[in-house]
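As the structure is a computational prediction, the values presented were derived from the model and not from experiment.
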Amino acid sequence: MHAEFTASAGLSRRSMLAGAVAGTAATLSASAASGAQAAEAAPAGAVAAPAAADRITEQPDRTGGHARATVFKNVRPYGAQRPVDLTVVDGVITAEPAPRGAKVVDCKGRIALPTLVDAHIHPDKTAWGEPWVTRNPASSIAEYTEEDVKLYHALRTPLKKRAERLMGHAVTQGTRAMRAHVDVAPAYDLVGVEGVGSARRALRHALDVEIVAFPQHGVVRTPGTKELLEEAARTGAIDRVGGIDPIGFDEALDEQLDIVFGIADRHGVGVDIHLHERAATGMESLRAIIDRTNALSLQGKVTVSHVFCVPGLPERELDRLAAELADARISLTTVAPSSDLVLPIDRLREHGVEVGLGSDGVRDSWSPFGNADMLHRSHLLAWVRDARLDEELEAAFRAGADGGARLLGLPEADLKPGSPADFLLVRGECLPQVVVDLPRREMVVRGGRIVARDGELAGH
């Protein structure tokens with residue numbers, strides 16, 4: 001049965017948020033998504049179902065309750081020509097010999113890559129795994145929020161189950177951590193925060209999750225939202241408090257930011273603000289965020305998401321802004337929506353600004369697209385940046401893996417001794433080819449434990 005709801009005519013999520021981005025960008029993302037789905041459904045030989053003799057095999061752990069140890073044999077880190085053995089003891093890769101009786105997993109020459117981090121996702125809104133949703137036109141953030149509420153009431157599966165289903169799927173595709181933006185508004189009370197919190201607990205063996213209380217309906221324009229944000233922070237249910245377009249949507253720059261930063265300061269939580277505003281309006285909001293970050297000594301605890309006012313800045317102005325962001329230790333996130341709206345990640349990193357990559361909404365009322373697959377998102381990042389060279393493709397992967405890890409304060413999983421044993425296994429020739437071809441994730445390992453096989457969560 002289809003879930004249906006009604007709204008007035010308008011534009012897509014991308015064109016609305018981006019200020020009427022060129023239609024070629026919309027076609028680009030759609031074709032990339034469909035191409036990636038086709039690659040997974042009917043992949044080339046590198047991702048075909050393995051013959052019985054070529055399947056990854058496991059031998060039982062006989063350590064008798066001592067250090068938890070596993071040897072992943074015949075692994076090719078980052079696509080190295082010669083396979084090696086990765087020895088893992090108590091969740092960390094070690095250069096020491098494996099303890100006697102360690103479990104052995106023969107990986108049959110698969111490529112090992114670090115698992116990735118989704119720095120910006122909305123798991124509470126998703127219809128992933130539900131009957132097909134027929135979406136209705138909308139042309140403004142206010143109209144999209146109305147559609148959110150209608151879809152929330154139309155879906156029969158409780159939010160916490162839908163969120164857990166999507167977050168579990170993300171694990172199977174190689175995500176080890178995410179920052180989850182969860183709608184907080186009188187229309188929902190704190191149901192989203194509670195539901196995603198429940199999913200976080202259920203998946204804690206496989207996934208680190210930060211929760212942001214996101215005022216999608218506005219902080220000031222929707223009475224009662226401020227009190228809900230305060231309650232979520234006071235009770236410890238969230239890690240960050242959010243905001244949205246202080247000028248363009250809430251029409252209350254100082255009032256919104258005073259509320260959001262005040263909550264963060266009182267309760268010791270971080271900040272992550274959606275900023276879709278363009279040009280001078282966006283820059284005014286961004287500079288107000290920088291000022292409050294410094295005034296309240298919240299350096300290292302503030303992120304600005306999307307930041308559509310940054311792409312396209314003249315080089316000298318971009319450098320000045322990046323220096324200010326770096327001094328305030330404000331991080332940014334992008335979802336790589338199009339070539340003209342993706343953040344200049346490399347230039348920002350040169351100045352010390354951390355930039356994470358995220359998947360944004362997944363099959364929600366805003367868009368039928370999205371799949372919570374961060375390898376696919378790295379592929380899209382490479383696509384919109386017109387990557388051709390191997391190093392450019394590798395940089396797109398690093399944005400999804402290392403960039404998100406730094407943003408969330410996690411250790412980088414670089415597959416070296418001392419690194420957390422967080423990696424995925426795929427067939428392929430090399431890392432650039434993996435970014436392009438998106439092979440099936442045959443195994444996902446978290447802290448040395450196998451948490452997913454062939455797209456399915458493993459028992460724990």
Side-chain angles (χ1 to χ4, degrees), residues 46-117 168 171-177 203-208 374-375 394 397-398 401-402 405 410-431 433-434 439-460:
V47 294
D54 195 32
R55 292 191 182 119
I56 297 173
T57 58
E58 301 173 51
Q59 297 175 8
D61 189 339
R62 298 187 179 87
T63 54
H66 299 296
R68 180 166 56 87
T70 305
V71 179
F72 293 89
K73 293 178 63 67
N74 297 319
V75 170
R76 295 165 51 220
Y78 296 102
Q81 290 297 312
R82 294 185 179 181
V84 299
D85 296 347
L86 292 181
T87 299
V88 179
V89 177
D90 289 338
V92 177
I93 295 173
T94 179
E96 300 298 319
R100 186 176 181 180
K103 180 179 179 178
V104 176
V105 179
D106 188 349
C107 299
K108 302 292 178 69
R110 304 298 194 271
I111 292 178
L113 297 173
T115 43
L116 299 103
V117 175
V171 170
T172 71
Q173 301 308 298
T175 293
R176 67 170 169 137
L203 294 166
R204 62 184 177 274
H205 68 290
L207 186 68
D208 284 342
M374 282 304 297
L375 184 58
E394 291 176 9
F397 176 83
R398 295 290 189 180
D402 303 341
L410 300 172
E412 292 182 21
D414 60 8
L415 307 181
K416 296 178 181 178
S419 163
D422 297 343
F423 57 89
L424 56 90
L425 295 177
V426 294
R427 294 183 175 212
E429 298 176 49
C430 57
L431 174 53
Q433 179 251 331
V434 168
R440 176 167 51 96
R441 282 14 74 86
E442 296 193 23
M443 183 173 286
V444 181
V445 176
R446 180 70 200 275
R449 295 182 184 273
I450 298 168
V451 295
R453 297 183 185 87
D454 295 322
E456 299 290 336
L457 290 173
H460 61 279

Indicate yes or no: at least one non-hydrogen side-chain atom of [X] is less than 4.5 angstrom from one of [Y].
| X | Y | answer |
| --- | --- | --- |
| Leu113 | Val434 | yes |
| Pro99 | Val89 | yes |
| Leu425 | Cys107 | yes |
| Val71 | Val105 | no |
| Arg441 | Val426 | yes |
| Tyr78 | Cys430 | no |

Quick one: does any side-chain atom of [X] pair with a main-chain N or O of [Y] as donor and acceptor, under 3.5 Å?
| X | Y | answer |
| --- | --- | --- |
| Arg76 | Glu429 | yes |
| Arg110 | Lys108 | yes |
| Arg398 | Asp402 | no |
| Thr94 | Glu96 | yes |

Electrostatic pair [X]:[Y] at N-O distance under 4.0 angstrom:
| X | Y | value |
| --- | --- | --- |
| Arg440 | Asp454 | yes |
| Glu442 | Arg453 | no |
| Lys73 | Asp85 | yes |
| Arg449 | Asp422 | no |

Anything under 3.5 Å between a donor and an acceptor, one on a side chain of residues 410-417, the other on a protein residue two or more places apart or in another chain? List them.
{"from": "Glu412", "atom 1": "OE2", "to": "Arg406", "atom 2": "NH1", "distance (Å)": "3.1"}
{"from": "Asp414", "atom 1": "OD1", "to": "Lys416", "atom 2": "N", "distance (Å)": "3.1"}

If you measure from [atom1] on [X] to [atom2] on [Y], what distance do you get to the nearest 0.5 Å?
| X | Y | atom1 | atom2 | result |
| --- | --- | --- | --- | --- |
| Arg68 | Asp90 | CZ | CG | 6.0 Å |
| Leu207 | Thr175 | CG | OG1 | 7.5 Å |
| Leu424 | Leu375 | CG | CG | 7.0 Å |

Quick one: list whatever passes ring-ring contact (aromatic ring centres under 6.0 Å, His included) with Phe72, sequence neighbours left out.
Phe423
Member of Asp208, Val171, Val117 meeting the side-chain contact (heavy atoms from CB on, under 4.5 Å) criterion with Arg176:
Val117
Can you name the closest pair of heavy atoms from Gly168 and Leu457 and give their distance?
O-CD2, 3.6 Å
If you apply the rule side-chain contact (heavy atoms from CB on, under 4.5 Å), what do you find for Val88 with Val445, and how did you get there?
CA-CA 11 Å; Val88 179; Val445 176; over 6 Å; no
